[in-house]
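Read the structure below first, then the notes.
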Amino acid sequence: MWAVKGQRLNASIIVQSMLKTPEEFAAVPLRTNPDGSVVRVRDVGRTELGTEAYDIEGFYNGKHSGGLAIRAAAGANALDTADAVRAKMEELKPFFPAGLRVIYPYDTTPFIKVAINEVVKTLFEAILLVFLVMWLFLGNIRATLIPTIAVPVVILGTFAVLGIFGFSINMLTMFAMVLAIGLLVDDAIVVVENVERIMSEEGISPKEATRKSMDQITSALIGIGLVLSAVFGPMAFFGGSTGVIYRQFSITIIAAMLLSVLVALILTPVLCAFLLKPVAAGHEPAENAIFFLRPFFLWFDRTFFRTRDLYMRLVHHSIAHKLRYLFVFVVIVAAMGFLFLRMPTAYLPDEDQGILTVQVMLPANATLEQTKRVMNDIRDHFLEDEKEAVESVFVLSGMSFAGRGQNQGMAFVNLNDWELRDRPDLKVTAIAGRATEKFSRIRSAMVFAFAPPAVIELGTAKGFDFQLLDRGGLGHAELMAARNQLLGMAAQSPVLTKVRPNGLEDVPEYRIDVDWEKAGALGVPITSIHNTISAAFGSAYVNDFIQGGRVKRVYVQADAPYRMLPNDLERLYVRNNAGMMSPFSSFASGYWTSGSPKLERFNGFPSINVLGESAPGRSSGEAMKEMEGFVRKLKQGIGYDWTGLSYQEKMSSSQAPLLYAFSIFVIFLCLAALYESWVIPFSILLALPLGVIGGVIASSMRGLPNDVYFQIGLLTTLGLTTKNAILIVQFAKKEVEKGMGLIEATVQGAKLRFRPILMTSLAFGFGVLPLAVTTGAGAGAQNAIGTGVLGGMVTATVLVVIFSPLFYVLIEKVFGKHYERKAEKTKDENPSED
């Protein structure tokens, strides 16, 4: 509306807005009496600034604190998220009140950083060890530099491929890179070794020797690259969390393998032609070594040649006594199958992540005051008894992973840096064990200390995650009885430990029954009854107020002394429709009962979550089988299911046979295409158990289970075994096609390929050795994958070089074409046959 003409003043009208102080709320009038007197809030109650929830309290090292949980969004990078949070906190620090400090009592990212740094260190150690092995066998620094140059080229190319696929540099991709180090130099080693052999035998120039060498081994290099890709290819197509882990390894190793083949076919021959020095016929490349190391390398060559002569006699013996060696092979396969089936199963190895969690459960009717007393004892234990290992303790009373309640509590224990905890008694497992033992003496509460799961987002604790289900509709009481029976059996089991319910116990409840007919007769509305009880014994939101520029909530409730006992209900009055006050006891009565404060469902069925761990020396797979056996003893209608890491473990164990079978099938197809034969690939596939048994024995000797990392290591071993067999069979097949006798060609192929097989296998073995022996952060995963691969490398080398020539001869004689032996071959030159 327009202003009146001639108006000379324009002003805003301000009406009283939201109240800001407790005093302003205390002055709010509730009633005006006929005599003009006013009843205000301060006349019947008190106002104060407080917290929105009084049933949860947090303390950091004994000091009051408020916790803020931050969880990364799906697909977010954990390290980037943590850095962004810390940067924002630093930005806000100047605006904090005096004395307020920001701390991070539970942070999973330091473990990620340290673990990746440990793997990077392992990567450089692997490169150094591979370099030394190549130098030892090749004898001169020029030849050694050629495969070494391939390492950074392939690694950089692999990182580019990972970027294209959207992968990050994490522990999984770095593990795969360490495995790839030993494999990616194999192709270059084969090229360099063959060039040097041709130069020493024929005395031709490096360029001519390189050209001749590539004619001999190009198809073998392509075959090795295809087969290794075939081994890891099927891993990329599995789903679930296990598929995510598989995919990281698959893409990384396949990229490294294919790039290493390209480097071996393009860059390595060029380097050989220009870097290697000519060698006179009959002389060794080691004669070009550094002068003061030359005697050592010449001695090593003589020792190697004696070893090769011994090996050749063994090959002749195996071909001459086929049945004897076939019997040994059958025994090896049977032993491999027996040991493999007896291996305990697991999903991922437990890690010392530098953090520890404590869960506390008091009796159902316990108060927050009692819970805080227990939490103080827990805090004192870690800060005083474990001060050598513990940096800080953040305790939370009033809630836990099991739910929210005054009888619940939890603590987050932050441990010192891994370098300060290098003793076994300062590792997280030892600390948790001592804590659980001490806390078991607390009579007023059940207290469990445990490490976080291997994958933080899949559960809240390491061990198994079990769901007990009421599939038969038996009811809550029967489900609780079944749970108690299950916990009783678990407590007696030597396979299980720390088995506990991850939920809230049934609690005492005071049930109020309202006589609706009496309430109606008194004219008391139902909504008024509910609102009165809610506001008095709980709380009621009434409006907002402003503090520090922020809008906050105002709640009203009865003061503590007036809402502690059932008799306090008699103090309540409800206004009826006539404006009169009716006592609550006139239309309501109450009695004690019990019930569950938290009703859970899993896949639509009433459920109870149970957590636990395997006993020391036992695997999670054994613990899960034990729990499944106990459920079968429970009342009919009670079932179970698995969730979290346990569900992934079940999925992984069911997927593993399919993974192995499909990988072997794809290997067969690639070999069939490479050799243009359906028969010859069998001579290579027969060698696969010879590598597997080494991985099984090595992991079993260290007490390691059959988990995801073992499965990846086993596939790596299959690739290494296939590669060694290809090097022998490829040469033998070519010589047979040229007219050489079958046995002569096979023996000659074994002789010429013995050096590159031994060298590449040792390079690969020493490349993964740091994984198998490391003890730092992330050691569990590194040991799991390194041990199996290292053990498999040993048998894939020692046994394959003996049995692979035998298998090729047998397959060719039984299924392949028969070739006429050369007439000039004497009987003494050909081993006798059984």
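For the numbers below, each heavy atom of this structure counts, side chains included, while hydrogens, waters and symmetry mates do not. Computed from a predicted structure; not experimentally measured.
Between Ile56 and Arg404 the shortest side-chain heavy-atom distance falls below 4.5 Å. For the pair Phe710/Pro705, no side-chain contact is recorded, criterion being any heavy-atom separation below 4.5 Å from C-beta on. Counting heavy atoms from C-beta outward, Lys63 and Phe59 have side chains that stay 4.5 Å or more apart. At a threshold of 4.5 Å between non-hydrogen side-chain atoms, the residues Tyr640 and Met627 do not count as touching. Annotation: side chain of Met89 is in contact with side chain of Tyr104 (closest heavy-atom distance under 4.5 Å). Side-chain contact between Ser596 and His476: present, with at least one pair of heavy atoms (C-beta onward) separated by less than 4.5 Å. Counting only heavy atoms from C-beta outward, the side chains of Arg434 and Lys438 never approach each other to under 4.5 Å. Considering only heavy atoms from C-beta on, Thr593 stays 4.5 Å or farther from Tyr510 through its side chain.
Within a 6.0 Å sphere centred on OH of Tyr647, heavy atoms belonging to other residues, nucleotides or ligands number 12 at most. Counted within 6.0 Å of CE on Met701, heavy atoms from surrounding residues, nucleotides or ligands total 12 or fewer; the atom is thus considered open. Within a 6.0 Å radius of CZ in Phe124, other residues, nucleotides and ligands contribute 12 heavy atoms or fewer. Heavy-atom contacts from other residues, nucleotides or ligands closer than 6.0 Å to CD of Glu388 number 12 or fewer.
Taking OG from Ser397 and CE from Met375, the interatomic distance works out to 5.0 Å, rounded to the nearest 0.5 Å. Phe340 contributes atom CZ, which lies 12.5 Å from atom CD1 of Ile693 (distance to the nearest 0.5 angstrom). The distance from atom CD1 of Ile638 to atom CZ of Arg483, rounded to the nearest 0.5 Å, is 12.0 Å. With rounding to the nearest 0.5 Å, the separation of NE2 in His381 from CD1 in Ile442 is 9.5 Å.
For the pair Thr371 (side chain) and Gly409 (backbone), a donor-acceptor distance under 3.5 Å is absent.
A salt bridge links Asp83 with Lys113: the distance from a Lys NZ or Arg NE/NH1/NH2 to an Asp or Glu carboxylate oxygen falls below 4.0 Å. Ion pairing between a basic and an acidic side chain is recognised when a charged N comes within 4.0 Å of a carboxylate O; Lys650 and Asp641 show no such pairing. Between Asp352 and Arg421 there is a salt bridge, since a side-chain N of the basic residue sits under 4.0 Å from a carboxylate O of the acidic one. Salt-bridge annotation for Lys93 and Glu90: present, with a side-chain N of the basic residue lying under 4.0 Å from a carboxylate O of the acidic one.
Taking both residues in full, the closest heavy atoms of Glu505 and Ala364 are given as CB-CB, 4.3 Å, listed atom of the first, atom of the second, then distance. In plain terms, the two heavy atoms of Ala389 and Leu426 that are nearest each other are CB-CD2, 4.0 Å. Minimum interatomic distance between Met343 and Asn706 (heavy atoms only, all atoms of both residues): CE-N, 3.8 Å. Between Gln636 and Leu474, the shortest heavy-atom distance links the atoms O-CD1, 3.6 Å. Thr109 and Ala78 get closest at one heavy-atom pair: CG2-O, 3.6 Å.
No cation-pi contact links Arg379 to Phe394, judged by a cut-off of 6.0 Å to the six-membered ring centre and 45° from its axis. No cation-pi contact links Arg563 to Phe537, judged by a cut-off of 6.0 Å to the six-membered ring centre and 45° from its axis.
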Output, in order, the C-alpha distance, side-chain angles, deciding distance and verdict of side-chain hydrogen bond (donor to acceptor under 3.5 Å, both in side chains) for Glu509 and Ser594.
CA-CA 5 Å; Glu509 297 176 342; Ser594 65; over 6 Å; no
Hey, mind stepping through Gln353 and Thr108 against side-chain hydrogen bond (donor to acceptor under 3.5 Å, both in side chains) and telling me if it holds?
CA-CA 7 Å; Gln353 301 185 45; Thr108 60; over 6 Å; no
Asn407 and Asn365: side-chain hydrogen bond (donor to acceptor under 3.5 Å, both in side chains), yes or no, with the steps?
CA-CA 7 Å; Asn407 65 322; Asn365 57 348; over 6 Å; no
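Note: Phe111 and Trp418 have tilted aromatic rings, judged against thresholds of 30 and 60 degrees for the angle between ring planes.
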